[in-house]
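Worksheet for the structure shown next.
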Amino acid sequence: MSKVLMKGNEAVAKAAINAGCRLYFAYPITPQSELIEYMAKMMPTVGGTFLQAESEVAAINMVYGAAGAGKRVMTSSSSPGISLKAEGMSYLAGAQLPCVIINVQRGGPGLGDIQPAQGDYFQATKGGGHGDYRLIVLAPSSVQEFADMASEAFDLADKYRNPVMILADGMLGQMMEPVDFKPAKTDQEIEAMGHQHESWCIHPNQDGDLKHHHEINSLEIDPVVLEKHVTKLYEKYAQIEANETRHELYNINDDNEILVVAFGTASRVVRSAVDELNAEGKNIGLFRPITVWPYPYEELAKCIGPRVKQVYVFELNTGQMVEDVKIAVNGKVPVNFWGRVGGMVFTPEQIKEKLQACF
Amino acid sequence: MEVIATRPKSLRDVPFTYCPGCTHGIAHRLIAESIDEHGLINKMAGVAPVGCSVFAYKFFNFDMAEAAHGRAPAVATGIKRARPDMHVFTYQGDGDLAAIGTAEIVHAANRGEHISVFFVNNAIYGMTGGQMAPTTLPDMKTTTSPYGRKVDDIGYPIRVCELLDTLVAPYYIERVSLLSGPDIIKAKKAVSKAIQYNKEGRGFTFIEFVSTCPTNWGIEPVKALVWAKENMLPFYKPGVFRDKGAPE
């Protein structure tokens, strides 16, 4: 198929519909508004449900209902709206409901601004809502990858009965790039997918068995039972950690002098700087985590070659990923950090300057 | 021996968690009987709230979802939109529906969402131990209004039926009482009508039950019924606020 020039917000919406998403609930917020607008326009054309909720809180709870009914469902928002969804995300994780949540991050805290940022890393990877739970979090770095992650996110959500977040940012949402779309799932495929959760989800009781009773629930009032439930979740998360880390290596070799770690939009800028310095005779490797939960600790650890003097982390926040990098590096070499915040995006020249100072 | 009354099929054979003298059990039974009578048990889904009826998801004999506090109408919206072939209701108390979940109920009603909402109003938070509800009467004492509800400070109780009746979309809104035998017979008719409209896909239906909370009111069950008749019903007047299906 020929490539289509599209904004990230629209591309991921189109890809979600292609992946069989037929229910979408959300509330407008910049810089993800093109996503909700695309869904408003396109969902009716495929017989799907688009509903503009009264709040992000309502939207995520509509997701809870539709996911509890076993259907592919999505919501999207930007940072302040994701905070409002945090309650619902905890319930979704507790009740083990598959769904996809997109965060097109903007500057924070509070209302912040509407420019790209990565300040929700902790919220996405370390909790956000209450209780002991994890989201699977995918961090794209191009419009193509953002779009590709829609179907991957739904597949992971279905596989593990767990909410999956795509952690993008205002740059990826607003930027236009050529995108190659996967073929859309057929109505028959979507119908077949619609039955995959019938062992536990809300659905009509076709055979009329009076014992049929499914509960979509995160409440376990008996601590003995709740401990078992949370332990079961923990075991599931361990399985996800073992099987589902994703990362990208760029110019990783045994002669790397510096190892750079960056994710999402930040990694795009950093890559340009790394290219320029390597062309000048330096040897810098770039490690890009694609899943930020589960974090690819082991894969990152393997990239610390014999000549690496230090690891440098660049983020559009105040260093929220640094502690994960430090876990991976485990004290072998120093870990340095530089970032910009408030919706300011660093330039390749600035990154180059920081890296040059290391030699 | 002829059996003349038995447990509705739509209720599971599990013990209720409600206090003695509480009217939740009556409300549950009226809903379950109506679902049985309309033959909907195999196509029904319910949403339980947070509050005394938090365990309602265990009591009804079909698929149930347990919602976050106040969010039942949003969860029901998600279920109904995902499974239009099913019939969906929420069961909510006054704190859940009229305080923390005010936005969700108003907007579900305003969309004319094709769900039924059963609202139990006993003017108090039961599960958490008797705190002031949005429907607590003026000067009524609760654990968080120990000197009585001061309307100058905290406002007047909310009449939810009247509030929802300002919206265009709702199909049927009625307030009933569970305070006497004849009232319960009337309540049953209202519940049955709501379930019938739900079955027919008419739109948003809403039933408020004026109820009691002997435990947290600190009154014996029979006296609680009398107290509610004397104090609740003058403020929360039973009646049909909206019935778009009524013969002209």
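Proteins get letters first, then strands, A, B, ... in listed order; numbering begins at 1 in each. Every value quoted in this text rests on a predicted model; they were computed, and no experiment measured them.
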Exercise for review: Please name all residues satisfying ring pair (Phe, Tyr, Trp, His ring centres under 6.0 Å) with F119(B), sequence neighbours left out, ordered by chain then number.
Suggested key: F206(B)
Check your understanding: Do Y125(B) and N216(B) pass the side-chain hydrogen bond (donor to acceptor under 3.5 Å, both in side chains) test, and can you show the C-alpha distance, the side-chain angles, and the key distance before you say yes or no?
Key -> CA-CA 8 Å; Y125(B) 283 71; N216(B) 288 297; over 6 Å; no
Point to revise | Max heavy-atom pair count under 4.5 Å with chain A, selected residue of A82(B), A48(B), A108(B) | key: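 Of the options given, most contacts go to A82(B).
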Exercise for review: Find the one option among G101(B), A103(B), A45(B) whose heavy-atom pairs under 4.5 Å with chain A are most numerous.
Suggested key: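 Result: the option with the highest number of such pairs is A103(B).
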Point to revise | Segment of I221(A) engaging chain B (4.5 angstrom heavy-atom cut-off) | key: side chain
**Study point:** Under 4.5 Å from any heavy atom of chain B - which part of L23(A)
**Key:** side chain
**Study point:** Residue F60(B) versus chain A: region with a heavy atom under 4.5 Å
**Key:** backbone
Exercise for review: Can you tell which part of M64(B) gets under 4.5 Å to a heavy atom of chain A, answering side chain, backbone, both or neither?
Suggested key: both
Pairs of donor and acceptor atoms under 3.5 Å between chain B and chain A, please, with atom names and distances.
{"unit_1": "R12(B)", "atom_1": "NH1", "unit_2": "H213(A)", "atom_2": "NE2", "d": "3.2"}
{"unit_1": "N42(B)", "atom_1": "O", "unit_2": "N205(A)", "atom_2": "N", "d": "2.8"}
{"unit_1": "N42(B)", "atom_1": "OD1", "unit_2": "N205(A)", "atom_2": "ND2", "d": "3.0"}
{"unit_1": "Y57(B)", "atom_1": "O", "unit_2": "H213(A)", "atom_2": "NE2", "d": "3.1"}
{"unit_1": "Y57(B)", "atom_1": "OH", "unit_2": "N217(A)", "atom_2": "ND2", "d": "3.1"}
{"unit_1": "F60(B)", "atom_1": "O", "unit_2": "H213(A)", "atom_2": "ND1", "d": "3.1"}
{"unit_1": "N61(B)", "atom_1": "ND2", "unit_2": "L210(A)", "atom_2": "O", "d": "3.0"}
{"unit_1": "F62(B)", "atom_1": "O", "unit_2": "H213(A)", "atom_2": "ND1", "d": "2.8"}
{"unit_1": "D63(B)", "atom_1": "OD1", "unit_2": "H212(A)", "atom_2": "NE2", "d": "2.9"}
{"unit_1": "D63(B)", "atom_1": "OD1", "unit_2": "H214(A)", "atom_2": "N", "d": "2.7"}
{"unit_1": "D63(B)", "atom_1": "OD2", "unit_2": "H203(A)", "atom_2": "N", "d": "3.0"}
{"unit_1": "D63(B)", "atom_1": "OD2", "unit_2": "H212(A)", "atom_2": "NE2", "d": "3.1"}
{"unit_1": "M64(B)", "atom_1": "N", "unit_2": "H214(A)", "atom_2": "O", "d": "2.9"}
{"unit_1": "M64(B)", "atom_1": "O", "unit_2": "I216(A)", "atom_2": "N", "d": "2.9"}
{"unit_1": "E66(B)", "atom_1": "N", "unit_2": "I216(A)", "atom_2": "O", "d": "2.7"}
{"unit_1": "E66(B)", "atom_1": "O", "unit_2": "Y64(A)", "atom_2": "OH", "d": "2.6"}
{"unit_1": "R71(B)", "atom_1": "NE", "unit_2": "E87(A)", "atom_2": "OE1", "d": "3.1"}
{"unit_1": "A82(B)", "atom_1": "O", "unit_2": "K71(A)", "atom_2": "NZ", "d": "3.4"}
{"unit_1": "R83(B)", "atom_1": "NE", "unit_2": "A69(A)", "atom_2": "O", "d": "3.0"}
{"unit_1": "R83(B)", "atom_1": "NE", "unit_2": "I202(A)", "atom_2": "O", "d": "3.0"}
{"unit_1": "R83(B)", "atom_1": "NH2", "unit_2": "A69(A)", "atom_2": "O", "d": "2.8"}
{"unit_1": "R111(B)", "atom_1": "NH1", "unit_2": "E54(A)", "atom_2": "OE1", "d": "3.0"}

Review point. Any sub-3.5 Å donor-acceptor pair from T144(B)'s side-chain atoms to M132(B)'s backbone N or O?
Key: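 Looks like yes, one N/O pair under 3.5 Å.
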Check your understanding: Are the side chain of T136(B) and the backbone N or O of A123(B) linked by a donor-acceptor pair below 3.5 Å?
Key ->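 Looks like yes, one N/O pair under 3.5 Å.
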Exercise for review: Flag yes if more than 12 heavy atoms outside I26(B) fall under 6.0 Å of its CD1 atom; otherwise flag no.
Suggested key: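 Buried by this count: over 12 neighbours within 6.0 Å.
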Point to revise | Carboxylate-amine/guanidinium contact R175(B) E162(B), below 4.0 Å | key: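 A salt bridge links R175(B) with E162(B).
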Practice item. Verify the ring-centre separation between F204(B) and Y171(B): is it less than 6.0 angstrom? Key: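 Ring centroids of Y171(B) and F204(B) are no less than 6.0 Å from each other.
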**Study point:** Euclidean distance, L97(B) CG relative to N121(B) CG, rounded to 0.5 Å
**Key:** 9.5 Å
Point to revise | Distance-minimising heavy-atom pair for L178(B) and S211(B) | key: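 Reported closest heavy-atom pair: CD1-OG, 3.8 Å.
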